[in-house]
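Presented below is the structure to which this report refers.
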Amino acid sequence: MTHRLARRPLSAIVAVSALAMPFAAQAEDVTPEQVVTHYADLAHTVYTDALRTARALDESIEALLASPTPETLAAARSAWRDARVTYQQSEVFRFGNPIVDDWEGQLNAWPLDEGLIDYVEADGYQHELGNAGATANIIASSTINIGGENIDVSEITPELLASLNEIGGSEANVATGYHAIEFLLWGQDPHGYEAGAGEREVTDFVVGEACTNDHCDRRRAYLAAASDLLVEDLEWMVNQWAPIAEENYRSELLAEPAAEGLRRMLFGMGSLSLGELAGERMKVALEANSYEDEHDCFSDNTHNSHYYNGLGIQNVYTGHYQRSDGTDFDGASLESLLEQQDADLAAQLDHELKASMAALSDLKARAEDNESPMTFDMMIAPDNAEGAEVVNNAILALVSQTGSIEQAAGALGVSSLQPDDAGHTF
Amino acid sequence: MSAGSHSELKPLTPWLFSSKPMALTLLPLALVLSLPASAQAESTDDAAARQRWHTDLGTLYAALATSTDELKQAASDYCAAPDEDSRNHLDAQWLQAYQDWQAIRLVDFGPIEVDSRAWQMQFWPDRKNLVGTRMASRLLQPTDGQPQPITQSDIDNAGVAEQGFPALEYLLYDEAMDERQLSDPLPCSLLQSISGHLADTSAALATDWTDFGDHYLATDSYTTATLHGAMQLLDSLEDKRLGEPLGMMGSPANHYLAEAWRSDASVALIAGSLHGLQQGFAPGLRQILESHQQDELADAFETQLSDTIDQAESLQSGIATGLEDDQALAQLTTLYIEVAQLRELLNQQIAVALGVVRGFNSSDGD
């Protein structure tokens with residue numbers, strides 16, 4: 001698996017993007033229709049890539065279960081990290097496209113009360129107040145009782161796990177998706193604000209005498225089922241964006257006036273920038289010093305999840321995506337369209353997106369530093385002024401670019417960013 | 001106000017994309033004071049309404065500064081002479097100040113944006129009980145030697161879960177405190193430190209709001225921002241502060257999702273927010289509506305607001321105990337419906353009449 005983006009300094013990324021987009025500089029005027037069509041193509045490309053990396057993860061999990069060794073566990077963890085690179089770039093499609101927002105919880109819901117799934121430390125496990133499922137431990141049980149309801153969980157299947165999400169009404173009851181798999185591959189992170197991630201031993205997956213922490217057969221079944229479900233879910237979403245004859249979400253979107261497509265693009269960029277990434281995923285964790293609000297809390301991969309979220313926002317603007325195999329994908333961009341309307345604003349937004357990527361690159365570089373890595377859960381520790389500054393810089397850059405995204409909406413004639421289905425009526 | 005045009009989107013208004021609008025700015029005050037200073041700084045018809053709002057909201061900020069100062073004094077008095085009277089006075093002063101904070105919560109722009117001050121006052125929602133975890137850890141006795149008293153400087157530099165009204169509520173009401181004496185040196189030093197931090201923050205807010213006046217008055221986009229602040233407050237009242245804990249939002253009732261579940265003061269806090277709308281927001285709103293020949297909408301809003309306040313004040317208990325009692329639950333449901341009607345009036349009818357382009361609350365985190 002190649003991750004050229006991840007290993008290059010930002011200047012190189014920018015240079016590659018610039019080379020890949022002579023189209024934007026020289027082309028005849030782009031039309032809103034072309035831009036929205038390319039957006040649908042971009043979504044299809046990103047989800048196809050997410051599916052590819054999820055299949056690779058699934059294969060590595062099969063290899064782990066076939067032969068549980070420290071090496072196969074490490075390989076599965078590495079494949080999980082790779083799968084996050086692509087999926088996190090897809091999250092910009094979530095807001096604004098109802099089909100994605102309604103679907104994504106099964107794949108990426110967090111924070112989760114992991115005691116629903118498997119054993120947890122009795123001390124220091126902070127779960128959601130009033131969550132009846134917080135210590136249900138599906139892996140150790142044939143039936144679980146949540147809020148007075150008995151549920152047969154003897155046979156672990158993808159369908160069963162999907163049905164257990166938000167059981168008992170708590171959003172923290174997450175039985176499936178990337179973070180459930182992450183918890184199974186890493187285990188709880190016992191280190192708090194200190195260096196170190198989860199340290200699950202591979203013997204948790206060994207059948208027979210060598211099994212640690214009991215119920216290894218069910219833990220194996222759980223991991224396999226969660227991984228299968230992830231692949232199935234991504235297959236479904238790829239089909240929704242595929243340029244095929246049958247009706248799907250893509251055909252619905254392209255049947256709308258182009259202004260509606262532009263609105264969904266801008267809405268997705270702004271919502272992920274501010275409310276979700278800057279707000280829910282960084283600001284809450286930082287201001288409350290809360291590693292329970294850390295996105296990839298078991299693996300300490302949060303810096304990458306944030307970085308690739310940011311890159312996804314930039315992708316929608318530039319129309320550019322670099323696939324996990326290193327190949328480029330380009331087309332009619334929102335940036336070109338905005339340049340035609342307001343060149344200064346287009347340049348400003350471009351500049352701000354680069355600035356937020358620079359801030360996120362810094363956050364990523366600190367976390368991956370060879371000498372003294374400072375992961376996100378260390379950055380948010382009380383009294384870590386240096387870490388707080390790194391996170392704050394990213395937040396501020398995201399806040400700034402959101403203002404310009406809003407202005408871009410105005411310049412492109414998108415007068416209301418409210419989604420069709422978000423009006424509450426009493 | 002340039003209603004309905006694209007210029008609505010021109011000023012930097014990050015709240016349009018935010019589910020937690022108050023929490024997102026870390027900018028220095030000077031920058032916040034100048035932020036939405038877009039090209040269009042001419043004043044318009046609405047300048048008079050903004051003048052009214054600035055004065056009325058300033059009165060609410062001043063009241064908060066006063067009551068948090070009294071709370072600080074009450075904490076000090078209690079720690080000097082802990083008895084039933086001083087304790088009752090402390091409890092009452094905590095609730096009064098907390099209600100005064102609720103009254104001004106509709107303002108989510110300007111000085112409140114600096115340094116996450118809204119979260120410093122009240123970190124909420126707190127689904128994972130960070131307040132409880134952090135306070136328990138603050139109160140740990142060292143295994144050897146005397147505990148070091150906590151200073152206000154410790155709290156000034158702490159995370160938001162330790163700085164606000166919920167942290168004080170933990171000291172006053174959490175069942176873990178049944179095992180402790182609040183009057184002991186360690187808890188009392190924490191009580192005084194948090195109270196001091198709240199008083200200082202509130203005093204700064206009151207001063208900064210006054211300084212913010214010229215900019216607020218000169219900048220048209222603050223008319224919409226003020227309307228949006230009230231709309232956002234009503235969204236939160238209906239969905240988060242009532243709907244979710246009462247089980248109206250598709251999940252079972254859960255009293256831990258209510259504000260102030262430890263003290264069962266959730267409805268008293270809601271009443272505080274409604275009073276804030278009545279005193280700080282409604283008069284300015286009337287001016288705008290009258291200038292648009294929409295007097296009857298102003299009448300309708302004020303009547304519905306008054307009915308909603310009556311309903312909140314008729315309730316004897318909060319959500320935590322109300323969920324255990326059928327009669328109280330029926331009363332809470334009525335309050336929920338009154339709030340929903342108030343929200344419909346402002347966020348739909350009045351917003352349409354004024355041509356306010358409504359932002360949205362982005363979906364919650366996953």
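Naming: A, B, ... by sequence-line order, numbering from 1 per chain.
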Next on the checklist: Please classify the contact of A/L272 with chain B as side chain, backbone, both or neither, using a heavy-atom distance under 4.5 Å.
Outcome noted: neither
Next on the checklist: Please find the pair of heavy atoms, one from A/G312 and one from A/V92, that lie closest to each other, and give the distance.
Outcome noted: O-CG1, 3.5 Å
Next on the checklist: Looking only at heavy atoms and a cut-off of under 4.5 Å, which of B/G159, B/G250, B/A161 has the most pairs with chain A?
Outcome noted: B/G159
Item to check | Proximity of A/H306 and A/F376 rings by center, below 6.0 Å | outcome: yes
Item to check | Aromatic centroids of A/F298 and A/F183 separated by under 6.0 Å | outcome: yes
Checklist entry - Any idea which heavy atoms bring B/R134 and A/A288 closest together, and the distance? => result NH2-O, 3.9 Å
Item to check | chain A contact via B/N254 - side chain, backbone, both or neither, heavy atoms under 4.5 Å | outcome: side chain
